[in-house]
Amino acid sequence: MIFYSLEEICLMIAAAIIIDWLVGDPKWFTHPVILIGRWIKRVERLLYKVEKTDNQSNRTLIYRGSLLAASTLLVSTGLIMLLSFVSWWIHPWLGYAVNTWFISTTIAVKGLKDAAMLVYHPLVEGNLADARKYIGYIVSRDQEVMEEPEITRAAVETVSENIVDAFISPIFWALVGAAPLVMCYRAANTLDSMVGYRNEKYEYFGKCSAIIDDILNYVPARLTGICIAIVCCIIPGCNARGSVKSMITFARRHPSPNSGIPESAVAGALGIQLGGRNRYFGVWQERAIMGWGTEALRAAHIKKSVVILYSVSILVWAGVMIAWLIWNAIK
């Protein structure tokens, strides 16, 4: 970013990670993602029209969905860039504070951990009712048919997949362009989570949003796989070699070009099997298998996946600080 050097961006990222570790998402704070989501809903209501009578209507839906994506990315990035410039113009330290805070809002390590542990604790206590309730907060599967292995699998899949979306991708794009570019990424990710579905309604309207999200996550997803393998070298009970072998064997089987990498990495590291049958709104669907499943799924694997998540965040924080030290040493 034109306002800040790589040295300054590294310090802002390191501070943002610490803020997320300690604070997470305060309930009193109107999160930028909530505001982005409101924008998407309002613009979608203006642009989405059901006129599927021929191929031309499909092309029209793609065009309108592209307008939604473009407007969301431009508004999100432009507003943060304006705030960054104004705060930097008032005083550089205010600029640092504003960028650091907005970067921290795109990271969700603590929030992801809290959501996973809400599922873990009732499972350990044998309270399936509460475990089903809390897993419903993070996945859209039919909870009433889920037993401990299925609940555990859903939680571990959520944690592993979101190591990319909730941490590595924000850090990657923050390094490239500080708060404006990382908010651009978060807007793209929010678009994908709201309209990027392959169903009757969003197959064409959400196509642009899904493609943009895949592109922005492509490099971070592969960096995530490397980071998971590295931290598994030192985490007790994790198999780094199994993690790498699982990625090589299973990642390409996932329908997403990115999600299969962290999921297969965590599955191989923990010796479990992810993917398989899930029921959504009464309909059973098959998902690509990740891992060999040498261990039966149990609640403890949720906690281990959280340990992997935090270990990756510590590794990246240390890497950012080392980069800052090297930058200062060679100046």
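If you read the sequence from its start, that first residue is 1, and numbering goes on from there.
Contact annotation: the side chain of Pro180 approaches that of Asn99 to within less than 4.5 Å [non-hydrogen atoms, C-beta and beyond]. Side chains of Trp39 and Leu35 form no contact here, defined as non-hydrogen atoms less than 4.5 Å apart. Annotation: side chain of Val266 is in contact with side chain of Val156 (closest heavy-atom distance under 4.5 Å). Residues Ile235 and Tyr310 fail the side-chain proximity criterion, which asks for heavy atoms closer than 4.5 Å. Taking the side chain as every heavy atom from C-beta outward, Asp142 and Met146 never approach each other to under 4.5 Å.
Distance alone, capped at 3.5 Å, is enough to place a donor-acceptor pair between the Tyr48 side chain and the Lys201 backbone. Checked by atom type and distance alone, the side chain of Asn328 pairs as donor or acceptor with a backbone atom of Trp324 at under 3.5 Å. A distance-only check finds no donor-acceptor pair linking the side chain of Thr249 to the backbone of Ser246 [under 3.5 Å].
Remark: the Glu161 side chain and the Ser259 side chain contain an N/O donor-acceptor pair separated by less than 3.5 Å.
Residues satisfying the salt bridge (charged side-chain N to carboxylate O under 4.0 Å, His left out) test with Arg222, not counting sequence neighbours, are none.
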Candidate pair Arg141 and Glu150, rule salt bridge (Lys or Arg N to Asp or Glu O under 4.0 Å), full reasoning
CA-CA 10 Å; Arg141 303 170 195 179; Glu150 289 76 31; over 6 Å; no

Does Glu8 form a side chain to side chain donor-acceptor pair (under 3.5 Å) with Tyr96? I'd like the steps, not just the answer.
CA-CA 8 Å; Glu8 292 169 325; Tyr96 300 149; 2.6 Å; yes

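For the pair Leu270 and Lys304, the tightest heavy-atom approach, listed with the atom from each and the gap, is CD2-CB, 3.7 Å. Taking both residues in full, the closest heavy atoms of Ala69 and Ser209 are given as CB-OG, 3.8 Å, listed atom of the first, atom of the second, then distance.
Within the model, atoms OG1 of Thr224 and CZ of Phe167 stand 9.0 Å from one another, a figure rounded to the nearest 0.5 Å.
Glu148 has no carboxylate O lying under 4.0 Å from a charged side-chain N of Arg153, or vice versa, which leaves the two without a salt bridge.
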